[in-house]
Amino acid sequence: MFNQNQHRIGFACKIQSQLGTAHKDLNTKSTTITHLKTLERTVAYNKLYGIAKNNLTTLLAQVKWVAQQPPHLRMFRISSDILPAYTHDDYTWVYFDPEMLKLLESGFAAVGELARANDVRLSFHPAQYCVLASDNPGVVENSIYEFEYHADMIRYMGYGRTFQDFKCNVHVGGKRGPDGIKEAMRSLSSEARNCLTIENAEFTWGLDASLELVDTCALVLDIHHHWIMSGEYIKPTDARFKRVMDSWRGVRPVIHYSVSREEHVPTHSTSVKPDLAALKAGGLTSAKLRAHSDMYWNQACNAWAYSFNEFADIMCESKEKNIASFKFANEFIKF
DNA sequence: GAGGGTCAAGTCCGT
DNA sequence: ACGGACTTGACCCTC
């Protein structure tokens, strides 16, 4: 378990070496199902084995890179792309082959040990296809399978043993809402249940829906999503945030922070938080405002987001990844 | 090496 | 009906 007293600011999935440039050798590889289907069985296996081996080496290097940062920057969301096609019916067998299993066990174990030794807080965020509350039973079944893919990696890394020693976050999604999450929860493994977090989204299922799940799983407050939905800059002292914190049962919570793209905000003012009603009156849509910025360009928003760091770690979602989150952190934390 | 077409999957918004 | 947005543009083929 990571140090509960350490305040953190994290970033997601990819490491940039400089503005606009992915770090060479420090990002994962993938392939496509279409391409795999053109390959013979053993060639496809070798292809996936090579990618898995590469990605495990890369993941270890990523965590090592994060571990070398100051303690307050040691938080990282791992890409879901580590093992391509894991949940595709035609290729699942690849990942249960004995040689592959050996690779996965040793590779992920090394990552977990490195993270624990250096107090790096890790998480996953399954992609948009993981919709546990869909009204389509087939989609729910696939989503549970997709979630358990992440739980497998979590287990290999040595997490999922205690409540929220690792965060695996999804939105409510689908038409069934919180009730659908509660029902899907019953089909998840214990590691998956320990790690599941639910995040409020911009549209259908927002903070109020999330709060129906306070006793089901830990809740992630996405402060930008909540702003898109309500126009409100929610405060850490808000009673609803207190309930969100309670859902973590003593573990240090995580919130998500992103901002709208600067080019969509006509004032470009960096010292005033955008006014949602005014932006909409000016013709901007929620869909436009939803898109994430490259950098954290608005200092007023940054101060608002940072006010949560006393209570929760902040996962940053921006196009420039570590470049953006480190600059944001440096506005407030001198190291 | 560069450029363009393509990519497993869900859901919603806006045009 | 379709493109774009979301957790991350990357991969693969052709020239």
Side-chain angles (χ1 to χ4, degrees), chain A residues 10-16 20-24 26-39 47-48 50-51 54-55 58-59 62 76-92 122-147 149-150 167-177 180 184 197-206 220 222 224-225 228-229 254 256-258 260-261 264 280 283-294 315-325:
Chain A
F11 66 101
C13 299
K14 232 180 88 177
I15 298 179
Q16 302 278 83
T21 310
H23 203 301
K24 194 176 173 301
L26 226 46
N27 286 298
T28 53
K29 294 191 190 311
S30 193
T31 186
T32 60
I33 302 295
T34 307
H35 177 62
L36 288 172
K37 281 182 174 164
T38 68
L39 306 177
K47 171 90 182 170
L48 289 172
I51 291 174
N54 171 83
N55 286 352
T58 300
L59 175 58
Q62 287 176 328
F76 179 61
R77 177 189 298 166
I78 302 172
S79 165
S80 292
D81 255 2
I82 304 291
L83 307 176
Y86 191 97
T87 58
H88 192 286
D89 282 346
D90 295 344
Y91 300 99
T92 294
L122 296 174
S123 64
F124 277 129
H125 193 333
Q128 59 268 42
Y129 314 106
C130 187
V131 187
L132 295 169
S134 174
D135 57 346
N136 178 338
V139 171
V140 174
E141 189 183 345
N142 289 343
S143 298
I144 288 170
Y145 198 34
E146 179 70 16
F147 201 90
Y149 153 53
H150 292 80
K167 154 177 169 266
C168 190
N169 177 70
V170 293
H171 304 180
V172 172
K175 295 241 183 343
R176 298 196 54 207
T197 63
I198 291 292
E199 170 187 0
N200 59 299
E202 311 93 318
F203 304 117
T204 325
W205 305 108
V220 168
D222 187 310
H224 182 65
H225 288 170
I228 298 260
M229 182 172 248
V254 177
H256 286 182
Y257 175 43
S258 55
S260 302
R261 298 191 64 77
H264 293 336
K280 285 191 168 174
L284 269 166
T285 63
S286 296
K288 269 250 160 58
L289 293 167
R290 174 192 203 193
H292 292 167
S293 65
D294 295 340
M315 175 49 74
C316 291
E317 296 174 330
S318 64
K319 298 298 177 194
E320 292 291 350
K321 307 301 178 195
N322 51 301
I323 304 287
S325 69

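Note on naming: letters A, B, ... go to the chains in the order of the sequence lines (proteins, then strands), and numbering restarts at 1 for each one. Since we're looking at a predicted model, the values are computed, not measured.
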Rounded to the nearest Å, what distance is computed from the [atom1] atom of residue [X] to the [atom2] atom of nucleotide [N]?
X         : N       : atom1 : atom2 : result
Leu36(A)  : dA9(B)  : CG    : P     : 14 Å
Asn142(A) : dT11(B) : CG    : C1'   : 15 Å
Gln62(A)  : dT8(C)  : CD    : P     : 14 Å
His88(A)  : dC7(B)  : NE2   : C1'   : 12 Å
Asp90(A)  : dA9(B)  : CG    : P     : 13 Å
His292(A) : dC6(C)  : NE2   : P     : 5 Å
Lys321(A) : dC6(C)  : NZ    : P     : 10 Å
Glu199(A) : dT11(B) : CD    : C1'   : 15 Å

Polar atoms only, N or O, under 3.5 Å: list the protein pairs with nucleotides 13-15 of chain B and their distances.
{"residue": "dG14(B)", "atom": "OP1", "partner": "Ser286(A)", "partner atom": "N", "Å": "3.4"}

Side-chain N or O of Lys175(A) closer than 4.0 Å to phosphate OP1/OP2 of dG10(B):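 Lys175(A) to dG10(B) OP1/OP2: no side-chain N or O under 4.0 Å.
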Hey, is the side chain of Ser134(A) poking within less than 4.0 Å of OP1 or OP2 on dT11(B), counting only N and O atoms?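 For dT11(B), OP1/OP2 do have a side-chain N/O of Ser134(A) under 4.0 Å.
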Could you give the distance separating [M] and [N] at their [atom1] atoms, to the nearest angstrom?
N       : M      : atom1 : value
dG4(C)  : dG9(C) : P     : 15 Å
dG3(C)  : dG5(B) : P     : 14 Å
dT6(B)  : dC2(C) : P     : 15 Å
dC13(C) : dT8(C) : P     : 27 Å
dC12(C) : dA8(B) : P     : 11 Å
dA9(B)  : dC6(C) : C1'   : 14 Å

Across the strands shown, which category fits Lys37(A) at heavy-atom distances under 4.0 angstrom: base, sugar-phosphate, nothing?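 Here Lys37(A) touches no strand at all.
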Which part of the nucleic acid, if any, lies within reach of Glu317(A) when heavy atoms closer than 4.0 Å are counted: base, sugar-phosphate only, or nothing?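 It contacts sugar-phosphate atoms only.
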Could you tell me whether Phe76(A) and Phe11(A) have their ring centroids closer than 6.0 angstrom?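 Yes, they do, as the ring centres are separated by less than 6.0 Å.
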Can you check whether [Y]'s main-chain N or O pairs, donor with acceptor, with [X]'s side chain at less than 3.5 Å?
X         : Y         : answer
Tyr149(A) : Pro126(A) : no
His171(A) : Gly173(A) : no
Asn27(A)  : Ile15(A)  : yes

Matching residue for Gln16(A) among Lys319(A), Glu320(A), His23(A) - test: side-chain hydrogen bond (donor to acceptor under 3.5 Å, both in side chains):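 Per the side-chain hydrogen bond (donor to acceptor under 3.5 Å, both in side chains) rule, the option paired with Gln16(A) is Glu320(A), out of Lys319(A), Glu320(A), His23(A).
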Which of parallel (below 30°), tilted (30 to 60°) and perpendicular (above 60°) describes His225(A) and His292(A)?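 Geometry flag for His292(A) against His225(A): parallel rings.
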Scan side-chain atoms only and decide if Ser286(A) and Lys280(A) contain a donor-acceptor pair under the 3.5 Å cut-off.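 On atom types as modelled, these side chains qualify, holding a pair under 3.5 Å.
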From the list dC6(C), dT8(C), dA9(B), which nucleotide is the closest neighbour of the side chain of Tyr129(A)?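 Nearest to the side-chain atoms of Tyr129(A), counting from C-beta on, is dA9(B).
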Of all residues at least two apart in sequence or in a different chain, which pass the salt bridge (charged side-chain N to carboxylate O under 4.0 Å, His left out) check with [X]?
X         : answer
Asp294(A) : Arg261(A)
Glu202(A) : Arg290(A)
Arg176(A) : Glu183(A)

Quick one: does Thr34(A) reach the base of dA8(B) with a side-chain donor-acceptor pair under 3.5 Å?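 No, the side chain and the base share no sub-3.5 Å donor-acceptor pair.
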Could you pull out the closest heavy-atom pair between Thr92(A) and Tyr145(A), with the gap in Å?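 Closest approach of Thr92(A) to Tyr145(A), heavy atoms only: CG2-OH, 3.0 Å.
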B/S/- contact track for nucleotides 10-15 of chain C, protein heavy atom under 4.0 Å: SSSS--
Of the options Asn142(A), Ile144(A), Val170(A), which is the one that meets Cys130(A) in a side chain to side chain contact (heavy atoms under 4.5 Å, CB included)?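 So the option named by the test is Val170(A).
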Requiring both pairing distances under 3.5 angstrom, list the stems that contain DNA chain C and are made of three or more consecutive Watson-Crick or G-U pairs.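 Correct response: B:1-7 with C:9-15, B:10-15 with C:1-6.
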Does a side-chain heavy-atom distance below 4.5 Å link Glu199(A) with Met315(A)?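 No, too far: nothing below the 4.5 Å cut-off.
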